[in-house]
Amino acid sequence: MTALRAAGAVSTDRPIIFYRPTETADALRFLAERPEAVPVAGGTDLMVGVNYRHIRPEAMLDLTAIVELCTWTDEGTAIRIGSGVPYARIVAELATALPGLAAASRTVGSPQIRNRGTVGGNLATASPAGDAHPPLLATGANIEIAAPEGRRTVAIDDFFTGPKRSVLRPGEIITAVTVPKAAGPQQFLKVGTRNAMVISVCAFALALDLDRRTVGTGIGSAGPTPLRALPAEELELPWAAPAGLTDATVERFGDLVAAAARPIDDVRGTAAYRRHALAVCAARALRRTWRAAFEERSAEWN
Amino acid sequence: MPEPTPLPTPTSNAVGQSAIRADALPKVNGDFDYASDLAAEGMLWGHTLRSPHPKARIRSIDTAAAEAMAGVAAVLTAADVPGKRTYGLIEDDQPVLADTMANYQGEPVAIIAATDLDTARRAADAITVDYEVLEPLCDPAEAVRRGEYFRHQPLQVGDPDTATAAVVVAREYVVGMQDQAPLGPESGLALPRPDGGVDLRVATQWLHSDQEQIAPCLGLKESQVHLEMAGIGGAFGAREDLSVQVHMAMLALATDKPVKMMYDRAESFLGHVHRHPARMRYEHGADAEGRLVYVRAQIVLDGGAYASTTDAVVGNAASLAVGPYEVEHVAVEAWGTRTNNPPCGAMRGFGGVQTCFAYESQMDALAEELGLDPLEIRRRNAMHQGSKLITGQVVQEPGIDVPNENAPFSPLVDLLDRFAAIPAPAIPAGRDIIELPGGTGNTTHGEGVVRGVGYGVGLKNVCYSEGFDDFSTARIRLELVDGEPVAYVHTAAAEVGQGHQTIQAQIVRTELGIDRVELLPVDTKVGSAGSSSASRQSYMTGGAVKAASEAVRELWATHDLADGPIEATREFRHRPTKPMDPVTGQGDSHVQLALCVHRATVDVDIELGLVKVVDLTCVQDVGKILNPIALEGQIHGASAQGLGLAVMEEMIVDAGVVKNASFTDYLIPTILDMPPMRLEIVENADPAAPYGLRGAGEPPTLSSTPAIVAAIRDATGLALTHVPVRPEHLTRHLVRQP
Ligand SMILES: Cc1cc2nc3c(=O)[nH]c(=O)nc-3n(C[C@H](O)[C@H](O)[C@H](O)COP(=O)(O)OP(=O)(O)OC[C@H]3O[C@@H](n4cnc5c(N)ncnc54)[C@H](O)[C@@H]3O)c2cc1C
């Protein structure tokens, strides 16, 4: 354990305990011993809070040396991504297997943020604007959580409980996210008022599953939590005769997505705009994936 | 008489060459010392407690708990201000610390010095202020009605009431509150001196104005307050008003220790003035050929809680209210209101930006009514040699030698005509998403994308106006070092990232024909250089350095440096100006005028309301290029700031409370938002100015905003009277309930 002293930002008379284990078990033990300790992965959410003194951690648990958290593995039909794998690696290494998550990862912050930021941190923060969430919802990912008493798996649908709230409990660590491999084209669209490095005004993810003939959806920044648009997913689509996808159906799909959102007015945009933009994005996502699946027969589904 | 020594010529980096600035490399590789990097042995950290309320009576302040905290060295309130309680750039109405009333959110109420910043911040949390929260005045229109304004400037030429026009366009325009958003936060270091005075190192724009404001507040003589410039990234007007200066000096004097202050990002947004938000009602009447007959304009600029530079901003807005066009009948009323909104003051463009958006939008609206090309309507109305501004000031640059038998030379027509040779870019095939609106967001692969092109013209005054007796001082010493002549240049001109120091060295090299020029620290040990604002430092301190160089050169002609050094100090003044008449607005109020024209090409996703500016072409008259690379940087930066105002930058203030004091939600353009630029730089020399130069740092900030909005209008067909243009403005007509 070492004491961290950052000039100016941190009190010199109040050293911070800083622990950097290599095993998940040691990390859990540390959290059990020091309930005041805060895990830190990329630090791209946490350190903003520290700088603004929204939190004053007395102890920090650095997760970046835990090998298990920093690797991904191919599990056959799914990819198990360690919670600490940064976005830059997801973009570089998983774009074919997980095109939706890779596309979302590509939109996170700037290169520096993508080098540090992780899906685990995104989930633990549980912001409705977290960009990893919509593709995880659209693909039906599972979150693996380690607690002192053992590990449990939570379906992404059950993970978020409110704005910046989730089922994650103090003393627990997110170890991995298991994401089914793409079984069809996927899209992620993020609306922001700047062309890069922007928190989304709203975002939409869509995953076509050509085997099951289903559509998965995920909505970001347009509700108290990231949401699925279940009525849109249930919309009858012409799977048997794909050329019969009409404009009216596509628009209906967009409207159902918009209706599933629960947006508010805030500094980033109005509720009315968010609904409108979601309808547009959802329609575009459906058209693009449908075309990729049935017209272009593209090997890469994005 | 001894033989005059033949002058050597500099081997490089003379005026006109792209001399590389000394701070370029250290800024890129991280070695540069910014004001926020300042440190001193045994220093304390200062911190400010600010009012959370836009308007509140301060009943009492209890500092006991804060003072009792370990590590806290001083907690000071208004009662501890050693001298004058208020300060200000033009009017001294701003309290050093709020006394009985807090008049805006973020107004300083108490200051703390402690062993480290975290302790100082916790001590601030431990101070109890008993506020009686009052109803803030936040509506500028209401402020006008109540007579709450810093300045009302009417202007009248001819009589619009008697004028008849074939076409009339009347619209109301809104400009949001833009922030200068310098990346370096307000920072400085105060060091107590044995004589009871104080040394300040601070990132500022005008050392002597700071000194003049600080000393009385500290109860000290000006000679006891010494300022030295600290490393700066950018300023853009945000560092004209005092921020940390008096506070850290008070803490240093109270504790007899060096005190450093450095705002965090949120504090920086609350701790400096912003660009005045504006509401403007314009009515333009033109004849059937598109020639302006009359203009009526009512311009309300919100100055917020304190005066700052609102007075001068209103003067600019009124005097430049119709832009570089000839109009016979004009009636303008401009107000700078006093409200409980954040104080507004200087920002690049200074009163010219707001009206430029309005008058250029009006020119386009007229062109559309008449079916005229946007360049053509501007040509038909362009000012020329001998034209009068609406203040009655004659625009006359007698030295410009451009022969034309039929008509007097029009610098504006000259600029407009040059666009023919630089066509708007074609749409390339197979674009990546980052070249499309929405960028990395992957919102469009071409769906809904429509291209638009628009123009904007800006007219900006250079130097201080309205009778201000402006000057700058330069001292140059020439001596032999190792047998080689070296010039030591001493001025108080603030380098604010614009590259002024490089220009100074280029001027000295050129005038003295020597290679070695050393710039001494920028401080108050030499006379004032005036402010690094109003696009004036090349003109003013450049002029002073040139004059001092010429004086040294003259002495050198009859003096052998082997006998000792030569020194000369010169003050440089521009031609005098006059105040505006308080009723008619008439008067020769400006020193110099500068023109810039932008053409913007945008792609708009008309379904999502997202904009990608794909090209900005800029034609600007700079009189004389002193340093091409530095000039291009200024034009790029100014254009980017105008782009920010056009499509994203706005401080959102609700009932006096700032909602987005962070770079998470106050968005400034990234490299993906700012297109590569094409520049055509024109040198129509101003014979009255050093080397014929025209101030160049501000004009592009004016014209890029209306050009971009015009291009978005062209793509969408929407009227767009509000900047920044937000996605919801572009899609409102499409929104339906699902
Ligand atoms: C400039 C900037 C731009 C940004 N842009 C975006 C953007 O475009 N889209 C977006 O979604 N986000 C963005 N963010 C937010 C942030 O980068 C992401 O949320 C990122 O995923 C956080 O991951 P991290 O590893 O850095 O988390 P950290 O900051 O390390 O941690 C965040 C929180 O999660 C907890 N935590 C971290 N890992 C675990 C774990 N394995 N188990 C349990 N708890 C854990 C921490 O204790 C902390 O409370 C941006 C941030 C910045 C500073």
Side-chain angles (χ1 to χ4, degrees), chain A residues 5-14 48 51-53 56 103-104 106-108 110 131 187-201 203-204 251-252 254-261 266-270 272-281 283-285 287-288 302, chain B residues 36 39 45 70-71 114-119 121-122 125 260 262 264-266 434 436-445 447-448 605 607-613 647-648 650 652 654 659-660 662-673 724 726-728 731-732 734-738:
Chain A
R5 285 156 194 255
V10 176
S11 169
T12 43
D13 58 8
R14 201 171 53 85
V48 175
N51 281 341
Y52 277 116
R53 300 173 301 136
R56 298 168 177 281
R106 212 172 282 131
T107 73
V108 174
S110 58
D131 285 318
Q187 276 288 317
F188 175 78
L189 294 82
K190 168 172 159 181
V191 176
T193 28
R194 175 159 79 181
N195 288 303
M197 227 215 10
V198 65
I199 306 267
S200 76
V201 173
F204 181 71
E251 268 180 36
R252 177 82 192 126
D255 288 348
L256 288 170
V257 168
D266 64 21
V267 291
R268 294 176 194 150
T270 62
Y273 174 74
R274 287 185 159 106
R275 273 191 208 280
H276 164 77
L278 280 171
V280 173
C281 287
R284 288 183 184 178
R287 276 211 183 87
R288 288 182 200 167
N302 53 339
Chain B
S36 50
W45 283 81
T115 47
D116 60 274
L117 183 53
D118 194 52
T119 303
R121 286 161 158 179
R122 283 187 291 129
D125 294 342
K260 172 173 177 170
M262 179 180 81
D264 71 21
R265 183 60 58 200
I434 64 165
L436 290 164
T440 56
N442 186 37
T443 44
T444 181
H445 294 178
E447 303 104 308
D605 181 336
E607 290 165 17
L608 287 175
L610 301 179
V611 176
K612 168 87 178 174
V613 181
V647 293
M648 64 182 82
E650 184 174 8
I652 297 171
D654 182 12
K659 294 294 184 187
N660 57 339
S662 76
F663 279 139
T664 308
D665 285 314
Y666 184 88
L667 300 182
I668 55 177
T670 69
I671 196 74
L672 272 191
D673 299 285
R726 297 174 68 94
E728 50 262 37
T731 53
R732 236 176 334 227
L734 300 173
V735 171
R736 61 204 150 89
Q737 282 311 312

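Residue numbers start from 1 in every chain, and the chains themselves are labelled A, B, ... in the order their sequence lines are given, proteins ahead of strands. Values below: all heavy atoms of this structure, side chains included; hydrogens, waters and symmetry mates excluded.
Of the candidates B:Thr664, B:Ile652, B:Asn660, A:Arg268 forms a side-chain contact (heavy atoms from CB on, under 4.5 Å) with just one, namely B:Thr664. Considering B:Thr443, B:Asn442, B:Asp605 as possible partners of A:Arg284, the one that fulfils the side-chain hydrogen bond (donor to acceptor under 3.5 Å, both in side chains) test is B:Asp605.
The closest donor-acceptor contact from the side chain of A:Arg194 to the backbone of B:Pro669 lies at 3.5 Å or more, if one exists at all. Under the 3.5 Å distance criterion, the side-chain polar atoms of A:Lys190 are left unmatched by any main-chain donor or acceptor of B:Gly438.
The choice from B:Glu607, B:Lys612, B:Lys659 that makes the most heavy-atom pairs within less than 4.5 Å of chain A is B:Glu607. Heavy-atom pairs under 4.5 Å with chain B peak, among A:Thr193, A:Asp131, A:Thr107, at A:Thr193.
Both the backbone and the side chain of B:Leu672 come within less than 4.5 Å of a heavy atom of chain A. Heavy atoms closer than 4.5 Å to chain A are found in both the backbone and the side chain of B:Leu667. Using a 4.5 Å cut-off between heavy atoms, B:Asp673 touches chain A through backbone and side chain atoms alike. For B:Ile668, the parts lying near chain A are the backbone and the side chain together; criterion is any non-hydrogen pair under 4.5 Å. Heavy-atom distances place no part of B:Asp654 under 4.5 Å from chain A, backbone and side chain included. Neither the backbone nor the side chain of A:Val48 has a heavy atom closer than 4.5 Å to any heavy atom of chain B. In this structure, no portion of A:Phe204 lies under 4.5 Å from any heavy atom of chain B.
Between the side chains of B:Asp116 and B:Thr119, a donor-acceptor pair is found at a separation under 3.5 Å.
The shortest distance between side-chain heavy atoms of A:Arg106 and B:Thr440 does not fall below 4.5 Å.
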